[in-house]
Amino acid sequence: MVTLATQPRRLEHVLSSDQFDRGLLEDVFARADALAGRRDTRLAGRIMATLFYEPSTRTRLSFESAMLRLGGAVIGTEAAREFSSAIKGETLEDTIRMVSQYADVIVLRHDQAGAAARAAAVASVAVVNAGDGPGEHPTQALLDLYTIRSELGSADGVHIAFCGDLRFGRTVHSLAQLLRLHEGVRMTFVAPEVVQVGSDLQARLAAAGVPFRLTDRLDEVISTVDVVYQTRVQKERFTDLDDFEAARRSIRIDRAVMRALPRRAIVMHPLPRVDEIATEVDEDPRAAYFRQARNGVAIRMAVLDLLLG
Ligand code: NCD
């Protein structure tokens, strides 16, 4: 049994990165450090339901692995749109009311922004937002930040270039908000106009005094960054095929880009990747995306422990 300082439970749901302050982040990361690689029985008898209305590999399986490693049990549906009563016309709210009777925590992925908050409003158990359309993906942001800290020592003072689909990429929205809590962070948003970062996030960063700029040229900043955070163009969110095509031709990380990247910098990606990072980059020690994915289990153990422990 891992011994952790007993902290009062401070989280009812995990819906947005906005809920976290530095103290809570330290708590999550300390729990992740203590639980990484362990087996425990602290959540024995507790049940987690995964309700996924959109595809997932890493998020769902790492949540399930985390719950099992803590001694809990897992139920769920990975194709909730087809294999739940949604197909019969049941509302999300009614489904959540039901699943609240069967589980102690609901991990929800949905195609609509705000779905997790809607679920939490009617749930009688904890709800975790595992991605709500183009909205947020807060547990991904936690594991991303945990990765930056473990790779670079600290997130304070980093210059991060977010690349790819910054308009629909929910992991970007959540991570930028967590980084806002750190000293001296600079952000460059590298994307063509059609997928540039939204004005709402820009306004929040400006209000927090975070220096950031927008460009469509990675070569302008590559030699000064500590982190390149590349993302997949979110094909499923485009209504205009021309916009998708314009976005798809955007920034690609290959060996030539890596030559300009500082020696101590890292390349991250929430995965899955399509062709926005060439596979030739994988063998470069600065390619951190598979190490990043591995951190998902420890972080989700920490989140489940915080919610249910
Ligand atoms: C991302 C997601 O679903 O938002 N993947 C993930 O959870 N690791 C990124 C993506 O789908 O491109």
Side-chain angles (χ1 to χ4, degrees), residues 14-17 32 50-67 76-81 107-116 127-148 160 162-178 189-191 194-198 201 227-238 243-244 247-248 250-253 266-277 279 282 287-304:
V14 177
L15 304 177
S16 162
S17 288
T50 51
L51 203 52
F52 277 58
Y53 292 82
E54 275 194 342
S56 168
T57 306
R58 274 151 293 271
T59 303
R60 188 174 60 82
L61 293 180
S62 65
F63 259 113
E64 294 190 358
S65 178
M67 189 62 176
T77 172
E78 60 175 313
R81 193 154 298 289
V107 179
L108 175 73
R109 171 167 289 190
H110 200 276
D111 57 346
Q112 286 169 20
V127 172
V128 178
N129 180 4
D132 59 336
E136 280 215 50
H137 193 348
T139 65
Q140 178 71 41
L142 291 172
L143 79 88
D144 291 344
L145 183 58
Y146 188 68
T147 302
I148 293 172
I160 182 167
F162 287 103
C163 307
D165 189 343
L166 313 182
R167 177 179 171 203
F168 295 123
R170 56 198 174 196
T171 69
V172 171
H173 306 156
S174 288
L175 180 57
Q177 293 199 82
L178 284 190
F189 295 99
V190 187
V194 282
V195 283
Q196 248 310 353
V197 69
L201 181 56
V227 180
V228 173
Y229 190 96
Q230 175 68 307
T231 59
R232 177 180 69 89
V233 176
Q234 308 279 298
K235 185 177 183 185
E236 64 275 30
R237 315 236 183 267
F238 285 83
D243 281 356
F244 169 67
R248 206 169 64 91
S250 65
I251 296 80
R252 183 165 192 265
I253 314 288
I266 54 169
V267 178
M268 298 175 66
H269 190 304
L271 304 176
R273 81 166 141 195
V274 185
D275 54 6
E276 61 278 0
I277 299 180
T279 52
D282 297 359
Y289 30 93
F290 295 121
R291 299 193 292 276
Q292 178 185 353
R294 204 184 311 138
N295 288 331
V297 175
I299 284 294
R300 284 161 180 141
M301 289 173 86
V303 167
L304 290 170

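Indexing begins at 1, ligand by ligand and atom by atom, following the structure's order.
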Enquirer: Rounded to the nearest 0.5 Å, what separates atom OG in S62 from atom CZ in R294?
Expert: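 Going from OG on S62 over to CZ on R294, the span is 13.5 Å.
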
Enquirer: Please identify which atoms of ligand 1 are closer than 4.0 Å to at least one heavy atom of Q140.
Expert: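 Per the distance check, 6 (C), 7 (O), 8 (N).
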
Enquirer: Can you find an N or O of R232 that's nearer than 3.5 Å to an N or O of ligand 1?
Expert: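 Yes: some nitrogen or oxygen of R232 is under 3.5 Å from one in ligand 1.
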
Enquirer: Would you find a donor on one side and an acceptor on the other, under 3.5 Å apart, between the side chain of Q234 and the backbone of G133?
Expert: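 Side chain of Q234 to backbone of G133, a donor-acceptor pair under 3.5 Å: no, none is there.
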
Enquirer: Rounded to the nearest 0.5 Å, how far apart are OG of S17 and CD of Q140?
Expert: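 S17 OG to Q140 CD: 10.5 Å, rounded to 0.5 Å.
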
Enquirer: Would you say R109 has any N or O atom under 3.5 Å from an N or O of ligand 1, going by distance alone?
Expert: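 It does: an N or O of R109 is found under 3.5 Å from an N or O of ligand 1.
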
Enquirer: Show me which atoms of ligand 1 lie under 4.0 Å from any heavy atom of T59.
Expert: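 Counting atoms of ligand 1 from 1, those under 4.0 Å from T59 are 6 (C), 7 (O).
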
Enquirer: Out of R237, R170, H137, whose heavy atom sits nearest atom 3 (O) of ligand 1?
Expert: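 Nearest heavy atom to atom 3 (O) of ligand 1 lies in R170.
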
Enquirer: Only one of R109, E64, R60, E78 forms a side chain to side chain donor-acceptor pair (under 3.5 Å) with T50, so which one is it?
Expert: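 That would be E64.
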
Enquirer: Counting heavy atoms only, which of L271, T231, V172 comes nearest to atom 9 (C) of ligand 1?
Expert: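 Answer by nearest heavy atom: L271.
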
Enquirer: Can you say whether the rings of F189 and F162 are parallel (under 30°), tilted (30 to 60°) or perpendicular (over 60°)?
Expert: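 Ring orientation of F189 relative to F162: parallel.
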
